[in-house]
Structures are given as C-alpha cells and as structure tokens.
Engineer: 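Pasting a structure below so you can have a look.
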Amino acid sequence: MDRARNFIPGPNQELLDIKPIRSLAPMFPAPMGVNINQSSTPPLVCVTPVGQFPTGFGGGNLPAFGSFATFNATVNGFSQAGTSANGAIDATPISAYKTRSGATALGDDEPYSGNQTSASGRKAKKRSAGLSADSSDGVKAKRPKPVYKNLVAGKELAFLPASPNNPREIVEAVHMTFEALRRRHLQMDETQDASRRADLKAGAIMMASNIRANVGKRVGTAPGVEIGDIFYFRMELCIIGLHAPSMGGIDYMSAKFGADEDSVAICIVAAGGYENEDDDTDTLVYSGSGGNSRNTEERHDQKLERGNLALERSMHRKNEIRVVRGFKDPAMVAGKIYIYDGLYKIQESWTERTKFGVNCFKYRLQREPGQRDGAAIWKMTQRWIQDPSTRGRVILRDLSSGTESIPVCLVNEVDHEKGPGQFTYTNQVKYLRPVSSMTPMQGCGCQSVCLPGDANCACGQHNGGDLPYSSSGVLVCRKPIVYECGEACHCTLNCRNRVSQKGIRFHFEVFRTANRGWGLRCWEPIRAGAFICEYTGEVIDELKVNLDDSEDDYIFQTVCPGEKTLKWNFGPELIGEQSTYVSAEEFQPLPIKISAKKMGNVSRFMNHSCSPNVFWQPVQYNHGDDKHPHIMFFALNHIAPMTELTYDYGVVGEETSHRAKTCLCGSLTCRGLF
DNA sequence: GAAAAGTCATTTGA
DNA sequence: CTCAAATGACTTTT
C-alpha cells in the first residue's frame with residue numbers, strides 16, 4: 001500500500017497525536033458464564049503442612065523438613081453435594097506447623113476430602129543406599145528414584161504472591177516457578193550430560209515440596225486458570241491443578257449428586273491429531289482411552305471402565321468438563337502446545353470400529369456458551385500468520401516499513417483513530433557517541449558454536465559458567481547483564497549465545513486498546529523466557545539534564561520493577577542453589593536512559609502493568625561499557641496469542657515521581673502509580 | 001534431508 | 001503394589 005510508505009516518517013498531519021496513556025486494564029472481561037458458587041465460599045488460601053513425610057527423605061540430616069510448609073491454593077468452587085468443606089478458613093500461620101504430625105490437617109481445605117486418598121507423598125520411595133547407580137554391566141538396572149535432598153525447606157514461602165487471595169496470581173507464581181526450575185535443570189543437564197526430561201524433574205520437585213495450585217479435584221473451572229492459557233508440558237497442567245494425570249487423557253473423580261455418588265469426568269486433554277472440523281471449534285469428538293497394549297501390536301476393544309466410564313456417567317449427569325486442546329507447536333519440530341479451552345458438556349456417545357478392527361468409544365462434546373474464545377483464537381492467529389491478508393481491521397500492513405524482517409501490523413478494532421503519532425521506526429539504538437569509542441568486549445574463540453560446559457569458552461565464563469540461553473533459545477535466568485557473543489567472537493551467527501541481537505521473531509500487532517491508547521500484542525504463542533524485542537530509540541546522556549523529559553512519555557529507565565519481575569528466577573533456590581534474587585532494596589539502576597519519542601520500534605507501544613507478562617534484561621554484545629547495555633525484553637511466563645504484552649515500568653521513586661501516572665492495570669496488586 | 005515410526009525412561013493417581 | 005496412559009526426548013527408518 002502506498003499509504004504504508006508515506007506513513008513513517010511521512011506527513012500524516014491528519015493523524016492525531018496520541019498521548020500515550022500508558023496503563024492497562026484487563027483486555028478481556030473476566031471469564032463469565034461459569035456458574036460456580038463462588039459467592040458463598042470466598043477463595044481461601046490455606047497454608048498447611050505437607051502430608052506424610054517421605055521416608056527416604058534425607059533422614060536426620062535435614063531436620064528442617066519438619067517445618068515443611070504446604071502451599072495450597074484451594075478455592076471451593078463446586079458445591080454439588082454438600083460434601084464440600086466450607087467456611088472460609090483464615091490462612092494458618094506457618095509457625096503453627098512445627099512438626100509433621102499435623103499432616104492430617106490437609107483435609108480441611110479439600111473440597112472432596114472424603115474421596116481423597118490423602119495427599120501424602122508416595123514420593124521418594126526407599127532407595128537402596130545410593131550406590132545402585134552403576135550396577136553390573138549388561139544387567140538393566142532400574143534407575144533409582146531421584147531424591148531431591150537439596151530441597152531447601154522454607155524457601156517455598158518466598159512464593160507467596162503479594163496477594164495470596166488471588167487464585168490467578170497463585171497459579172501464575174506456581175507456573176512461573178515450574179518454568180524457572182525446568183530451565184535451570186535443562187541447563188545443568190546439558191553441561192553434565194545427565195538424563196533429560198527436565199519437565200519431569202521440575203514437576204517432581206514441585207510435587208515434593210507441594211508447591212502447586214488447586215490441589216483438590218473439582219468439577220468446573222480451576223480457579224486462577226483462564227481460558228486461552230497455554231502450556232508446553234503435561235506436567236504444567238498437573239501442578240496448577242487443571243488436569244491431574246501426568247499422561248492419561250481423562251481426569252475423573254467421584255462426586256456426589258444428592259444421595260448418590262458417581263464417577264464423573266472433570267477434565268480431558270484432546271491431544272489433536274484428530275478430525276477437527278475447522279469451522280466449528282465449539283464441538284469436539286473425543287475417543288475413549290485404552291485398547292492399545294503396552295508393547296505389542298495387539299489391540300482389543302475398549303472397556304467401559306475408569307475414564308471411559310466416567311465420561312459415560314458425565315454424559316448422564318451433564319456436568320461440565322474442562323477441555324485442554326493440544327496443537328503442534330509451529331516453532332518447534334516436535335513440540336506441542338496445550339491450550340485450556342474452557343468448559344464443555346458431553347452430548348452423545350457411541351462406539352466405532354477402528355481401522356484395527358476393535359471397538360472404541362466416541363464422545364461428542366459441546367462447548368458451553370458464553371465463554372471467551374480459547375482455541376478459536378489460536379486457530380485464527382495461525383491463519384493470519386500463514387496469510388496476513390486474512391487479518392481484518394488493518395490500518396497498516398507493516399508499521400516498520402520493512403525495517404523488521406517480519407511485518408508489524410497496525411490494527412484498530414475499537415474506534416476510528418487512524419494511527420499513533422508520528423515517529424521514525426528503527427530497530428537500532430542511537431547512541432550519542434559512536435559504539436566504536438566504547439570499551440571493546442572480549443570475545444570467545446569457539447569454533448562454529450559455543451557449547452554448554454566448555455570451560456574454554458570465554459563467553460560462557462563471562463556469563464558465570466553457563467550459557468544464558470537454553471538450546472531452544474529461551475533465557476534461563478534473569479541477571480544483571482547477559483553477555484551474548486559478538487563481533488569479537490569466533491563463533492558463527494548460529495551460536496546459541498546470539499539471541500536478542502537477531503531481532504524480532506514474531507508477528508506483532510500494534511492495536512487500539514479501549515482506554516489506554518495503543519498497545520502491543522502478538523499472533524504467536526510466546527513461551528516463558530523467549531526474547532521479544534529490544535527497547536530502541538535515542539540514548540539520552542545521563543550528564544545532560546533534560547528538563548524537558550517530563551513531556552516525554554517514551555522514556556525507558558531501569559527503574560526497579562515489582563516483585564513479580566524480581567522473582568522470575570525463583571526456582572533454583574528450591575534445589576539449594578545460591579539465590580539470584582535481588583530485592584527492591586538491593587536493586588541498582590543503570591544510568592542508561594532511552595527515549596523512543598522520536599524514533600523507536602514495537603517496544604514503545606508496550607503498556608505498563610503491575611502484573612506484567614514481560615520484563616527487561618540488560619544484554620551486551622557489541623561493546624564493553626556495562627553502563628550502556630541493550631535493553632531487551634523477554635517473556636515472564638507463557639503468553640497466549642493476542643494477549644497484550646506489558647511490562648512493569650517500575651516503582652515510582654523520587655527521581656521518577658514527576659512523571660508518575662495513575663495506573664489502570666486493574667491488577668489486584670496494582671500499586672496505583674507508575 | 002525431512003517426516004514418520006520406533007524405543008526408552010518416567011510420572012501420577014486409581 | 002501394580003498398572004495404564006492422547007508423554008516427551010531421542011534414534012532409526014522411510
């Protein structure tokens with residue numbers, strides 16, 4: 001379009017200069033249409049001791065485990081029977097649980113305590129003296145169950161989010177911690193050539209320390225889990241209490257209906273690969289489980305038992321069933337993404353003869369009306385990515401005018417604003433003095449690519465021994481500065497230690513928000529730790545006092561962000577590693593100041609939130625002046641397609657108070673100003 | 001060389 | 001205690 005060419009920095013006088021009202025309100029209405037009895041039983045969080053202390057758990061050398069605290073977020077959401085435990089119980093102080101004898105207290109916040117088989121850890125089974133690791137050759141020795149003896153008791157408490165009554169915050173905190181732990185394990189496994197499955201290791205630790213949400217099973221929504229939430233591992237569904245079985249597709253429980261009791265399905269995982277009619281995302285045909293023998297090709301008819309029976313009973317009881325849909329992750333060769341798609345009900349069931357000649361159960365599920373879109377958004381954005389012209393309400397196909405390798409779409413589905421005020425799109429930071437005059441950065445001598453665990457890699461050493469990114473390119477840990485390989489390095493551009501310097505990798509769109517001016521969101525799913533974009537613009541010299549900058553709403557400064565951002569690293573603490581946590585008091589801002597008023601990229605459209613999904617991270621690669629690093633943005637947790645990207649502009653302090661604005665982020669932990 | 005199929009090590013909860 | 005399961009990472013085959 002010609003218009004695109006003219007837009008920037010062309011003369012768009014008719015465009016209103018939009019004062020960025022940079023703050024945020026929830027972009028979707030809260031998920032409604034889900035009739036849970038929340039009013040009668042307010043959410044409660046109960047801090048209770050973990051169940052049975054695992055016998056193999058370090059014995060006497062870890063007395064601290066006695067005060068192990070459970071961290072349960074339980075909201076009593078389903079009241080079909082009167083079996084529910086109820087009455088809000090105040091959070092019990094941790095100190096009340098000094099010994100492990102109080103284990104039975106767990107039942108108090110379990111909605112279905114009667115049906116629970118105590119949450120006791122069957123974990124760590126007894127393990128033969130530990131030397132079974134390399135047993136005699138030839139004989140296939142069973143791998144000993146790992147014992148997480150480095151678990152640090154009491155550290156779990158650091159998780160408690162600022163507002164422990166908000167299930168969403170708890171789910172996010174648990175989820176974020178799982179990911180941090182998983183990434184760290186991945187990093188360690190690579191250097192030590194240990195066995196894989198960091199997802200299982202992270203999951204096992206979370207389970208063992210009982211850092212999980214929605215511990216009791218329930219029919220209906222899982223508090224704190226929202227439609228559209230995305231996951232990369234089945235273990236994630238497990239620890240946030242959405243779907244308990246680690247592999248199985250059907251989660252079910254025994255529930256009371258008046259006087260009788262029935263086994264009903266509560267959640268299913270539809271792992272894709274099935275005949276989904278594209279036009280109708282509201283129905284789903286699900287196959288029953290079973291029929292495939294473990295290691296032989298022999299197959300048999302499915303039986304009406306367990307999950308299949310529960311589905312059958314659910315059809316008659318007409319209870320709501322959570323549905324998680326699996327899709328192939330377009331970003332990974334063999335990856336899968338799970339999307340929570342809300343509540344469904346079973347309409348009918350039948351049996352079918354499969355191509356193997358055995359009988360298989362089929363269930364047709366219909367999505368409950370009135371819920372926000374989940375998987376439908378995913379399908380829609382996938383279509384846009386394949387063919388951007390299918391995206392409607394577009395003002396500009398590419399706001400970057402070709403500067404970015406992937407076009408940045410400008411859309412307005414809200415009002416008649418034609419676009420943001422004039423600025424020059426740039427994907428580079430403009431320094432006042434040439435980069436070449438700055439201290440050069442030392443490079444590594446690695447051939448081809450840098451590898452984890454290579455003691456000779458100067459870049460690995462510079463980063464503290466580990467490469468900062470995992471093999472899939474996600475940042476493992478937030479740190480004062482990340483050193484990527486640069487011009488001085490011998491490695492190629494394929495080196496995994498070159499992530500943020502390669503520029504954006506996603507289809508972004510700048511969109512009109514309802515009340516906060518323009519905002520930024522993305523068509524692709526973004527996984528936690530993934531690189532998003534750089535804050536580009538003009539570097540303002542710290543020595544030059546700019547009296548004018550109160551007028552500049554596009555200034556980036558390294559102001560101390562809120563707890564959520566600071567806690568991103570949390571997780572390694574759980575396995576006894578030294579904390580990388582930086583408290584607000586210890587936080588040291590950098591002198592760098594960047595203005596994106598006149599020139600910038602997509603990052604200038606990112607709004608503030610006190611409960612953000614993105615954080616900034618200083619990165620170096622082209623010079624050695626650590627006071628003036630690149631400011632790179634990474635995902636705080638997994639971000640579903642079309643979710644607004646926000647970061648924490650920082651706590652208002654003396655220096656920034658003249659620019660403080662009222663925050664509209666709507667988060668329960670909103671600080672009011674930013 | 002990419003995609004599909006096979007192999008293996010694991011978990012949770014019934 | 002045993003078992004099943006719409007797992008996930010990796011290797012081998014087509």
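Order of the sequence lines fixes the chain letters, A, B, ..., with proteins taken first and strands second; residue numbering starts at 1 for each chain. Because the structure is predicted, anything quoted here is derived from the model rather than measured.
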Engineer: Restricting to ring-ring contact (aromatic ring centres under 6.0 Å, His included), what partner residues turn up for His507(A), sequence neighbours left out?
Structural biologist: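 Residues passing ring-ring contact (aromatic ring centres under 6.0 Å, His included) with His507(A): Trp523(A).
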Engineer: By salt bridge (charged side-chain N to carboxylate O under 4.0 Å, His left out), which residues pair with Arg367(A), not counting sequence neighbours?
Structural biologist: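 Arg367(A) satisfies salt bridge (charged side-chain N to carboxylate O under 4.0 Å, His left out) with Asp341(A) once adjacent residues are dropped.
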Engineer: With sequence neighbours left out, what residues match Ser349(A) under side-chain contact (heavy atoms from CB on, under 4.5 Å)?
Structural biologist: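 By the side-chain contact (heavy atoms from CB on, under 4.5 Å) rule, Ser349(A) matches Glu312(A), Met315(A), Tyr363(A).
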Engineer: Looking only at side-chain atoms of Ser287(A), point me to the closest of dA6(C), dG13(B), dT12(B).
Structural biologist: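 The closest nucleotide is dA6(C).
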Engineer: Are there any protein N/O atoms within less than 3.5 Å of an N/O atom in nucleotides 1-3 of chain B, and if so, which ones and at what distance?
Structural biologist:
none

Engineer: In whole Å, what is the span from the NE2 atom of His243(A) to the P atom of dG13(B)?
Structural biologist: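 Rounding to the nearest Å, NE2 of His243(A) and P of dG13(B) are 11 Å apart.
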Engineer: Is the closest side-chain heavy-atom distance between Val323(A) and Leu343(A) below 4.5 Å?
Structural biologist: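 No, too far: nothing below the 4.5 Å cut-off.
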Engineer: Nearest-Å distance, CZ (Phe231(A)) to P (dA6(C))?
Structural biologist: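 Value for this atom pair: 20 Å.
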Engineer: Rounded to the Å, how far apart are His300(A) NE2 and dC3(C) P?
Structural biologist: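 Those two atoms, NE2 and P, are 14 Å apart.
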Engineer: For each nucleotide in nucleotides 7-14 of chain C, reading 5' to 3', give B when a protein heavy atom comes within less than 4.0 Å of its base, S when such contact involves only the sugar-phosphate, and - otherwise.
Structural biologist: BBSS----
Engineer: Lys502(A): what forms a salt bridge (charged side-chain N to carboxylate O under 4.0 Å, His left out) with it, not counting sequence neighbours?
Structural biologist: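 Lys502(A) satisfies salt bridge (charged side-chain N to carboxylate O under 4.0 Å, His left out) with no other residue.
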Engineer: Expressed in angstrom and rounded to an integer, what is the separation of Ile250(A) atom CD1 from dG13(B) atom P?
Structural biologist: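 Spelled out: CD1 on Ile250(A) to P on dG13(B) is 16 Å.
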Engineer: Run the ring-ring contact (aromatic ring centres under 6.0 Å, His included) test against Phe531(A) and tell me which residues pass, sequence neighbours left out.
Structural biologist: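 Listed in chain order: Phe634(A).
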Engineer: Look at Lys201(A) and dA9(B) and indicate whether a side-chain polar atom (N or O) is within less than 4.0 Å of OP1 or OP2.
Structural biologist: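 The answer is no; no side-chain N or O of Lys201(A) sits under 4.0 Å from OP1 or OP2.
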Engineer: Phe356(A) CZ to dA6(C) P: how many Å, rounded?
Structural biologist: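 Distance, rounded to whole Å: 14 Å.
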Engineer: Applying ring-ring contact (aromatic ring centres under 6.0 Å, His included), can you list everything that pairs with His243(A), at least two apart in sequence or on another chain?
Structural biologist: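 Checked His243(A) against ring-ring contact (aromatic ring centres under 6.0 Å, His included); zero matches.
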Engineer: Under a cut-off of 3.5 Å for both distances of each Watson-Crick or G-U pair, what dot-bracket string does DNA chain B give, using [ ] for crossing pairs and | for inter-strand pairs?
Structural biologist: .||||||||.||||
Engineer: Answer whether the closest heavy-atom distance between the side chains of Ser314(A) and Ile321(A) falls below 4.5 Å.
Structural biologist: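 Side chain of Ser314(A) against side chain of Ile321(A), heavy atoms only: contact under 4.5 Å found.
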Engineer: Mind checking salt bridge (charged side-chain N to carboxylate O under 4.0 Å, His left out) for Arg322(A) and listing every partner two or more places apart, or none if nothing turns up?
Structural biologist: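 Applying salt bridge (charged side-chain N to carboxylate O under 4.0 Å, His left out) to Arg322(A) gives none.
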Engineer: OH of Tyr286(A) versus P of dA5(C): gap in Å, rounded?
Structural biologist: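 Rounding to the nearest Å, OH of Tyr286(A) and P of dA5(C) are 11 Å apart.
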Engineer: Just how far, in rounded Å, is C1' of dA4(C) from CG of Leu304(A)?
Structural biologist: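 Distance, rounded to whole Å: 16 Å.
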Engineer: Taking only residues two or more places apart in sequence, or in another chain, which ones meet Phe178(A) in a ring-ring contact (aromatic ring centres under 6.0 Å, His included)?
Structural biologist: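 Phe178(A) satisfies ring-ring contact (aromatic ring centres under 6.0 Å, His included) with no other residue.
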Engineer: How would you list, by chain and number, every residue that makes a salt bridge (charged side-chain N to carboxylate O under 4.0 Å, His left out) with Asp189(A), sequence neighbours excluded?
Structural biologist: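 Applying salt bridge (charged side-chain N to carboxylate O under 4.0 Å, His left out) to Asp189(A) gives Lys201(A).
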Engineer: For Ile268(A) and dA6(C), give me the distance from atom CD1 to atom P, rounded to whole Å.
Structural biologist: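 It is 12 Å, rounded to the nearest whole Å.
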